[in-house]
Amino acid sequence: MEPGSTSPDSQARQDAEEHDDIRMRCAPNPNGPWHVGHARMPAVIGTYRERYDGWFCVRFDDTDPETKRPDLEAYDAILEDLEYLGFEPDEIFRASDRLETYYEHAHELIDLGGAYTCSCSGEEFSELKNSGEPCPHREKDVETVRSEFEDMVAGEYESGEMVLRVKTDIEHKNPALRDWVAFRMIDTPHPREEASEYRCWPMLDFQSGVDDHLIGITHIIRGIDLQDSAKRQQFVYDYFGWDYPEVVHWGHVQVDAYDVKMSTSTISELIEEGELDGWDDPRAPTLKSLRRRGIRGQAIVDAMVELGTSTSDVDLAMSSVYANNRDLVDDETDRRFLVRDGVELPLGGSPPAEANPPLHPNHEERGVREIPVGDAVLLESDDLPAREERIWLKGLGCFQYTRDTLQYTGEDIDVVREGDVDVIHWVPAAESVPVRLRTVTGDVAGQAEPEVGALESDELVQFERVGFARIDRHEDDETVAYYTHS
RNA sequence: GCUCCGAUGGUGUAGUCCGGCCAAUCAUAUUGCCCUCUCACGGCAAUGACCUGGGUUCGAAUCCCAGUCGGAGCACCA
């Protein structure tokens, strides 16, 4: 996979021929459940794994106990999100379990003359670095560096007092690559008990670079924000005589259809403030939310794979996820009636006592619904007929709106086929069940046909002329459903 | 300031490496028609794009240069 490649298929196929094995990793920072954008990595590497008989692991890069402090619940939340998408990692690592390994490699690097301890303040060093000048610590002898690094590992420095830098090229034309920090001191204990005693933590470029080699990663995909990482890590790989994996950088993903910014910290704050109910609030652009809305993980995965791996930023249209999902569920989803903000109209003219529309128009063998009609129905306000207008109540028959009453005319379906009578959905005013439909833009109240009150939790329905929804639960006074899409 | 990277319809993508088969693929979206007791599913059709300017060439979406626009890094974040 060469940088700039935009053809996942042809590229990966070519790569598969060059390597015995395709080994990839997904390296999340466990700071919360995943938002929609996070699905891209597992979608792509998971699909490649299946396609080329490869391998992938999840490696939690949790090496900053302070600024990017890991959330203990996020480790499992992320694995659940992964499962929802339909993938199981071949192996799971936590960087915070592997500190000793990083220390060993740091020692090795020091002995090779590839690193030095430095007590410059960030500001001081930055100034020197920007003018291409080495700091006085760069020429320390190996013995001193080794002993100072051991003191770092032993926790004998405070945060900010000492770092270990990789000796790269202080005059490199790209300032981003000059003598970068490999280890620093952090006073705050890691939230994981197993790692809480460590104070000397590796930076991403060191940790990730070492791990990618040790784990045998052959292909790395990462964001353009890390486009200098490979060049930085190359210095370490050169010291150790390692070959760097193939790298692809891709741009950021934006998702339309949401008011809420797709950012873990933003969503987290909104939940904190009570603006959102939780990570699975239908208004949140998270995987937990899509799951609760009844969207199949596969629909998301397919949409993500279609985005490819271009280095430019891309917009994911939720409509493409919805289109994929509709394709997946339409055939097996039963139809039901739901009337939002219903307006009650009395019936006259002795209509049938019960309506029996099919559960699915393309599958009559699945049977019919039983909807008692009663003396009055609810219609959506947009569907209200004009005076003397005829409408066809779906599954029931033709009615004419006369003197504030819907009078049954007993006409047959030909009036619809002739095209001058609109077909609309309805529910009985007396026996319908209250429904709260939770949507991306907020909750909507409605009434559904009686059988909806007995549907299993987790069942998907299509409310005719409204859209798909997942039955979430039945509370005392209402059924709660999550709107999937139209 | 220094350093990287990118630019095909509303969105995503194919084609770019190896110039002609591209008056540009497919999907989605939108619109219209057909089917239908749903504004679902299915079928048909329409709309709609190679950032700009130079250069090389018989020929450029594709190669070269410049510009414009956009993104990213230069953290003791990931």
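Below, each value reflects all heavy atoms present in this structure, side chains not excepted, and no hydrogens, waters or symmetry copies. Per chain, numbering begins at 1; letters A, B, ... match sequence-line order.
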Secondary-structure notation, RNA chain B, from Watson-Crick and G-U pairs under 3.5 angstrom (| other strand): (((((((..(((.......[.....)))((((((.......))))))...(((((..]....))))))))))))....

Close approaches to RNA chain B from residues 390-401 of chain A, in residue order (heavy atom, under 4.0 Å): A/W392, A/K394, A/G395

First of A/A176 and A/A317 reached from the 5' end of RNA chain B, by closest nucleotide: A/A317

Tabulated below should be each protein N or O lying under 3.5 Å from an N or O of nucleotides 67-69 of chain B; please produce it.
none

Partner set under ring-ring contact (aromatic ring centres under 6.0 Å, His included) for A/F60, not counting sequence neighbours: A/Y75

A/E156: salt bridge (Lys or Arg N to Asp or Glu O under 4.0 Å) partners, not counting sequence neighbours: none

Residue-level proximity of residues 68-76 of chain A to RNA chain B when a heavy atom falls under 4.0 Å: A/K68

Salt bridge (Lys or Arg N to Asp or Glu O under 4.0 Å) partners of A/R199, counting only residues at least two apart: none

Phosphate-side-chain proximity, A/K173 and B/C74, N/O vs OP1/OP2 below 4.0 Å: no

Shortest side-chain distance from A/D225, nucleotide among B/A40, B/A78, B/A75: B/A78

Counterpart residues, salt bridge (Lys or Arg N to Asp or Glu O under 4.0 Å), relative to A/R69 (two or more places apart): none

Residue list, ring-ring contact (aromatic ring centres under 6.0 Å, His included) with A/Y322, at least two apart or on another chain: A/H485

Pairing residues for A/Y258 by the side-chain hydrogen bond (donor to acceptor under 3.5 Å, both in side chains) criterion, not counting sequence neighbours: A/R293

Interface polar pairs with nucleotides 41-52 of chain B, N/O, under 3.5 angstrom:
unit_1: B/C41; atom_1: O4'; unit_2: A/D330; atom_2: OD2; d: 3.0

Test ring-ring contact (aromatic ring centres under 6.0 Å, His included) applied to A/H35 - qualifying residues, sequence neighbours left out: A/H38

